[in-house]
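Throughout, a chain's letter reflects where its sequence line sits, starting with A, and its residues are numbered from 1.
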Number of protein chains: 2
Amino acid sequence: MKPLLSPRELAHAIGVSESSIKRWIDDGLIGATKTAGGHRRIAGSEAIRFVRESRSILVRPDVLGLQELAAVEKDITAGGDDADRLFVYLKEGRAPEVNGLILSLYLGGQSVAEIIDGPFQTALEKAGELWTKEESGIFWEHRATEIAIRAVAVLRTLFSPAADAVIALGGAPTGDPYILPSMSSAAVLESTGLRAENLGADIPLDSLMRAVETLRPSLVWLSLSVIGDGKDMEQQIDRLARQLSERGVRLVLGGRAVERMDLLPRPGLHIGESMRELEAFAKGLVANSVRSEQAAFQSDRETVNESRKNPRERSGI
Amino acid sequence: MKPLLSPRELAHAIGVSESSIKRWIDDGLIGATKTAGGHRRIAGSEAIRFVRESRSILVRPDVLGLQELAAVEKDITAGGDDADRLFVYLKEGRAPEVNGLILSLYLGGQSVAEIIDGPFQTALEKAGELWTKEESGIFWEHRATEIAIRAVAVLRTLFSPAADAVIALGGAPTGDPYILPSMSSAAVLESTGLRAENLGADIPLDSLMRAVETLRPSLVWLSLSVIGDGKDMEQQIDRLARQLSERGVRLVLGGRAVERMDLLPRPGLHIGESMRELEAFAKGLVANSVRSEQAAFQSDRETVNESRKNPRERSGI
DNA sequence: ATATTATTGGATGAATTGGATGATTTGAGC
DNA sequence: GCTCAAATCATCCAATTCATCCAATAATAT
């Protein structure tokens, strides 16, 4: 818990305006001190007292860093870092707080990619590290992952792509059971205005290719967390890259398994180190597609043929 | 969904006067808090609950921040079965409409279990049937599943279990990669007031057992969609059932693979054919735990020991 | 059918809320 | 120490909500 809160922080936490908090402080309803320069500062304990007595609803518990007022002490240990707090929430299975924190980070101006690359990744990694040491690690990790999946799903409801949005399509290939990275990618892509079609985990690459034929995306992403038979998967991905390249569709590979792979460079193939890169790539794609908007009025087939001739010409990177 | 509503907002949303909302709040029909200045504020989830239980019609869903609902309302005039419409939405990858339809069914008074047993199941089955006939079936199914997962995650945000709620714990065992059934079970359980800890898919049963030791649930569910080596899994489940039975913890098995299994009957073991049954079981459990509230004031250890002696005595079924 | 009771929603003046403004303070980086 | 963007200040004001009363309508009893 923060030792001192500004009027704005308390206002956000209980869903009222900053003005009201200030007035209440001035009316003596909330105890507060003033800095030398006259800024109001509310002590954490006073904030808790006020929330309790006014029976306010904690709209964003994360701002105060507490949910159950009885368990205040426990939360003091949560510290100040977003990643730390997220980690604690995930570890303790506190889904509402996870949702609240993610949402407030986004509303606070961070991009989805930044949140996932930053606190999200850090918290989940930290969790993984800690739990590999414990016998019962698996179940903590499973629960944390489940809560994280739900948080991403909720975050994604904030975005509704336009009807004519650029389409992105992706998933995790056969043998890779991890849902979260692909879902995160979809969230990042939709946050940039694309329409993301996520096929989830364990999707055979030929099924993915069929989906490409049907949905005609401009971008395909592949999340690679674990790969079974390395060589075989490399060949499969290379074939996919070739097929997509022929159609002028960009392919972005990402995930922790991608470093260990040895792939041939291909036009339109991009290897992303982070969600931020994926975001940048997508933004470039959108900008480009706006510029070549007139070309898009041609029929699908023509567009495919055209980009086939010059697959690099339309790349935003 | 907006986190906090004023009386006027809720009044506009359901097409009644502001005065009525205020009176209903004062009469205790709608839960609300007051600001320091005495203005009434209604929590979003409470508004949903009231709309549902009072059978009000949402004239302006968008006022509550439920824009998805507005989109679906338009389609309602198009007619057709709920399951049909859900199927079309899933097939066409229209995630917001899926969310909206699920929410409108819930607001219309159906329970989470009814929705999942009904339209949800039907639509997904129909999708499965259709797509097994097509070559490219897999990708349709993957996309539909992903959208369904997100819808359940969003639906689940409506429920926030009390701090002293009865705990349920579950997942899908090793070899079963299906996330959705277990997540659906969690949603059903939380809709009845329990706190559901979902460990997701592919969880080793000994990890699940470790989680039982830590989280001390009153109920464990197991979603069985596919089972690898049947005999081995039966033995594992039987062992789990025995261990849980010894601790007085009820075990509920569900999922389409459960019919094909041959399990020994055990005290505290229940095989559920549907989400409705799971819901009924959970309700029984809650009712029972309220009745034996005084016993709950004993220490954890004592309670465990007590129920160990008479594992059936506390069963609500 | 008439009387009685309950529910609804509009109207009122007073109080509360929250957004906007330009000036001031804070805190982080250099 | 200096600079600068972000946060906060005090103040003002329009919009909203408050509590209360009352008329109109709906439901129920006689």
Side-chain angles (χ1 to χ4, degrees), chain A residues 1-44 46-47 50-51 53-60 62-65 79-84 101 104-111 114-115 118-119, chain B residues 1-44 46-47 50-60 62-65:
Chain A
M1 190 181 68
K2 292 180 186 174
L4 280 179
L5 299 168
S6 71
R8 171 177 279 184
E9 287 174 312
L10 183 55
H12 283 185
I14 63 178
V16 301
S17 75
E18 218 174 309
S19 300
S20 295
I21 296 290
K22 289 191 233 173
R23 199 177 331 101
W24 296 339
I25 290 173
D26 296 345
D27 292 351
L29 278 73
I30 304 174
T33 56
K34 287 209 174 186
T35 66
H39 284 202
R40 301 172 183 85
R41 289 295 119 94
I42 306 140
E46 174 63 10
F50 177 75
V51 168
E53 292 193 2
S54 67
R55 298 214 189 88
S56 304
I57 295 168
L58 283 177
V59 174
R60 281 159 61 178
D62 55 281
V63 177
L64 290 190
D81 193 342
D82 291 330
D84 287 343
L101 179 53
S104 82
L105 290 177
Y106 179 71
L107 295 175
Q110 288 192 50
S111 75
E114 284 168 344
I115 296 168
Chain B
M1 188 179 68
K2 286 188 189 171
L4 276 180
L5 301 167
S6 69
R8 171 177 278 184
E9 286 176 309
L10 183 54
H12 283 178
I14 62 179
V16 300
S17 76
E18 219 173 308
S19 299
S20 294
I21 297 289
K22 288 193 244 180
R23 197 176 336 102
W24 294 339
I25 289 173
D26 295 344
D27 293 351
L29 277 70
I30 304 175
T33 58
K34 289 207 174 187
T35 67
H39 284 203
R40 301 171 182 84
R41 291 293 121 95
I42 305 141
E46 172 64 11
F50 176 75
V51 168
R52 178 175 141 82
E53 294 188 2
S54 68
R55 287 159 218 269
S56 318
I57 296 163
L58 269 185
V59 184
R60 296 274 311 278
D62 54 302
V63 176
L64 297 190

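Qualifying side-chain hydrogen bond (donor to acceptor under 3.5 Å, both in side chains) partners for B:Ser19, counting only residues two or more places apart in sequence or in other chains: none. The side-chain hydrogen bond (donor to acceptor under 3.5 Å, both in side chains) check on B:Arg8 picks up B:Glu18, with sequence neighbours excluded.
Across all non-hydrogen atoms, the minimal contact from B:Ile42 to B:Ala47 is CG2-N, 4.1 Å. Listed here is the closest heavy atom pair of B:Leu4 and A:Gly15: CD1-O, 3.8 Å.
Between the OG atom of B:Ser20 and the CD1 atom of B:Ile14 there is a distance of 8.5 Å, given to the nearest 0.5 Å. Here the NZ-CG distance, from B:Lys2 to B:Leu64, works out to 8.0 Å after rounding to the nearest 0.5 Å.
When the side-chain nitrogen and oxygen atoms of B:Arg40 are compared with OP1 and OP2 of D:dC18, one or more of them lie within a distance under 4.0 Å.
Read 5' to 3', the first and last nucleotides of DNA chain C with an atom closer than 4.0 Å to a heavy atom of chain B are C:dT8 to C:dG18.
Two residues are said to be in side-chain contact when any heavy atoms from C-beta on lie closer than 4.5 Å; B:Val63 and B:Leu5 fail this criterion.
Between the NE2 atom of B:His39 and the C1' atom of D:dA19 there is a distance of 11 Å, given to the nearest Å.
In the displayed structure, A:Arg41 atom CZ is contacted under 6.0 Å by more than 12 heavy atoms of other residues, nucleotides or ligands.
Proximity of residues 6-14 of chain B to DNA chain D (heavy atom under 4.0 angstrom from any strand atom) is restricted to B:Ser6, B:Pro7, B:Arg8. Proximity of residues 20-34 of chain A to DNA chain D (heavy atom under 4.0 angstrom from any strand atom) is restricted to A:Lys22, A:Lys34.
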Identify all side-chain donor-acceptor contacts of residues 22-32 of chain B below 3.5 Å with residues at least two apart in sequence or on another chain.
{"residue": "B:Asp26", "atom": "OD1", "partner": "B:Arg40", "partner atom": "NE", "Å": "3.2"}
{"residue": "B:Asp26", "atom": "OD1", "partner": "B:Arg40", "partner atom": "NH2", "Å": "3.3"}
{"residue": "B:Asp26", "atom": "OD2", "partner": "B:Arg40", "partner atom": "NH2", "Å": "3.0"}

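Checking side-chain atoms of A:Glu46 against main-chain N and O of A:Ala43 turns up no donor-acceptor pair under 3.5 Å.
Nearest-nucleotide positions on DNA chain C place B:Ser17 closer to the 5' end than the other of B:Ser17 and A:Thr35.
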